[in-house]
2 protein chains.
Amino acid sequence: MNIRENIRPGGRSARVQASVHKAVRELLSKMDRNDVTIPLIATEAGVTPSTIYRRWGDLQELLADVAVERLRPDAPPKDTGSARTDLEQWAEQYADEMASGPGRAMIRDVLASVGADTRNAGKCCGYTREQLQVIADRARDRGEAFPDVEAVIDEVVAPIMYRILFDQAPPTSAKVLWLVERMLVGRRAT
Amino acid sequence: MNIRENIRPGGRSARVQASVHKAVRELLSKMDRNDVTIPLIATEAGVTPSTIYRRWGDLQELLADVAVERLRPDAPPKDTGSARTDLEQWAEQYADEMASGPGRAMIRDVLASVGADTRNAGKCCGYTREQLQVIADRARDRGEAFPDVEAVIDEVVAPIMYRILFDQAPPTSAKVLWLVERMLVGRRAT
DNA sequence: CGACTAAAAGCAAATTATTTGCGTTAGTGT
DNA sequence: ACACTAACGCAAATAATTTGCTTTTAGTCG
């Protein structure tokens, strides 16, 4: 099932999408996710269930759509004066958000929908890349050495995400800092 | 919903579980996963739907249960004479299996069920750890230097899995070998 | 061995979710 | 303003899920 990509702002479609998204956020904050159903969301949003089924296909797609929206960063990484501290702060915040209950649920929603709509997981990865690129560009402007964004993904982002998804214990703050440290040190040594 | 942990082998429960698992594998190989439903599985397995609902709760749990089973490695990593080549071969096979269509589907099934049953994702991670530990133990027996299993997970397994889950392009064979290389080299330098 | 027990399965009715056909409405372009 | 189209609402039809109750089965004990 396809979600329309370009919706004209202000149109009826946009209003329906907004009220449905809002209803989902509302309900997820109030109740267990397994108790959230499409008829419920439809009632809360003031639309008929068939509208949701036709636009999103099923609950998983809808949840993924909302989750991607919420995973989009709202601001560029803070400029702390050096690439290292920029990255440290960004990574700690990233780990915290993703390891939180809502964060984990959102990641799962996004991944679970990949079968039907391959774009979602890629979008999340894209957001991360953009954030890291900002840090890397700032480093370049300052004349600091800084590894490629892909290397940061491999050495810092991927371990954090793997631990969150597959391990019981999410990475501690110390572990995150250590990952950053190791990457920067390894880079110098090469 | 809980899946019984200790089922006496040969009992009725075991037979039902076996036939349901078999039915799921059968159907998944024949048709699109979105067309697989519990009533269908029940018919194929020769049980009533309510039996499946009571034992597994919902389709996601059942799929996850089957997926974990299939993700369990059937043999220890091959002994190739050196830890480095052991790891290279294991990592390449791991990346191939996980990046394949069925592999990705199984990972998603496992992750999607985590909300209800936290053990599944941990089990997969556990299998990986066991495999790597075998390689590490062999290295120790040979007197070779070899990094901690957790380091291998951070530096080799996590990047592979991240790329498979979030990126469009799964890691190439060359990339996997490079990850192994980088980890071993970095380890020596420290 | 044969009766007893508890767990799990079957069955069927009730509930709830999903799909679909068709009429209506709101935005878009001429 | 008028026609056109995409998206929505409504309601009937279909399919999935839940539930109460009965029956079967495997293990246990006298």
Q.
In whole Å, I'd like the distance from the CH2 atom of A:Trp56 to the P atom of D:dA7.
A. 12 Å
Q | Pairs involving residues 159-171 of chain B, ordered by first then second residue, that meet salt bridge (Lys or Arg N to Asp or Glu O under 4.0 Å) (sequence neighbours left out) | A | A:Arg129-B:Asp167, A:Glu150-B:Arg163, A:Asp154-B:Arg163, B:Arg163-B:Asp167
Q. Quick one: is C:dG10 close enough that its OP1 or OP2 comes under 4.0 Å of any side-chain N or O from B:Thr48?
A. yes
(Q) According to side chain to side chain donor-acceptor pair (under 3.5 Å), who are the partners of A:Glu44, at least two apart in sequence or on a separate chain? (A) none
Q: Only counting residues at least two apart or in another chain, list the ones meeting salt bridge (charged side-chain N to carboxylate O under 4.0 Å, His left out) with A:Glu130.
A: none
**Q.** Interatomic distance where CZ belongs to A:Arg55 and P belongs to D:dC8 [whole Å]
**A.** 5 Å
(Q) Between C1' on D:dA16 and CD1 on A:Ile38, what's the gap in Å once rounded to a whole number? (A) 14 Å
Q: Find the distance B:Ile52:CD1 to C:dC11:P and express it as a whole number of Å.
A: 14 Å
Q | Pair B:Asp141 + B:Arg138: basic N to acidic O under 4.0 Å | A | no
Q | Residues forming a side chain to side chain donor-acceptor pair (under 3.5 Å) with B:Thr128, sequence neighbours excluded | A | none
Q. So how far off straight is the helix from C:dC1-D:dG30 to C:dT30-D:dA1, going by the axes through five pairs at either end, to 10°?
A. 30°
Less than 3.5 Å apart, which donor and acceptor atoms pair up between the side chains of residues 90-98 of chain B and the rest of the protein, not counting sequence neighbours?
from: B:Glu92; atom 1: OE2; to: B:Ser173; atom 2: OG; distance (Å): 2.2
from: B:Gln93; atom 1: NE2; to: B:Glu97; atom 2: OE2; distance (Å): 2.8

Output side-chain donor-acceptor pairs under 3.5 Å for residues 18-26 of chain B, partner residues at least two apart or in another chain, one line each.
from: B:Ser19; atom 1: OG; to: B:Arg15; atom 2: O; distance (Å): 3.3
from: B:Ser19; atom 1: OG; to: B:Val16; atom 2: O; distance (Å): 3.1
from: B:His21; atom 1: NE2; to: B:Asp65; atom 2: OD2; distance (Å): 2.9

**Q.** Set of salt bridge (charged side-chain N to carboxylate O under 4.0 Å, His left out) partners for A:Asp109, sequence neighbours left out
**A.** A:Arg33
Give every pair of a protein N or O atom and an N or O atom of nucleotides 27-30 of chain C that lie under 3.5 Å apart, one pair per line with the distance.
from: C:dG27; atom 1: OP1; to: A:Arg15; atom 2: NH1; distance (Å): 3.2
from: C:dG27; atom 1: OP1; to: A:Arg15; atom 2: NH2; distance (Å): 2.8

Q: Check whether A:Val47 and A:Leu59 end up in the same hydrophobic cluster, where Ile, Leu, Val, Met, Phe, Trp and Tyr are linked by side-chain heavy atoms less than 4.5 Å apart.
A: yes
Could you write out each protein N or O paired with an N or O of nucleotides 18-22 of chain D at a distance under 3.5 Å?
from: D:dG20; atom 1: O6; to: B:Arg54; atom 2: NH2; distance (Å): 2.4

(Q) I'd like to check the side-chain contact (heavy atoms from CB on, under 4.5 Å) partners of B:Asp32; sequence neighbours left out, ordered by chain and number. (A) B:Asn34, B:Asp35
**Q.** Distance, rounded to the nearest Å, where A:Gln17 contributes CD and D:dC8 contributes P
**A.** 10 Å
Q) Does A:Gln60 have any side chain to side chain donor-acceptor pair (under 3.5 Å) partners at least two apart in sequence or in another chain, and if so, which? A) none
Q. In whole angstrom, what separates A:Gln60's CD from C:dT18's C1'?
A. 15 Å
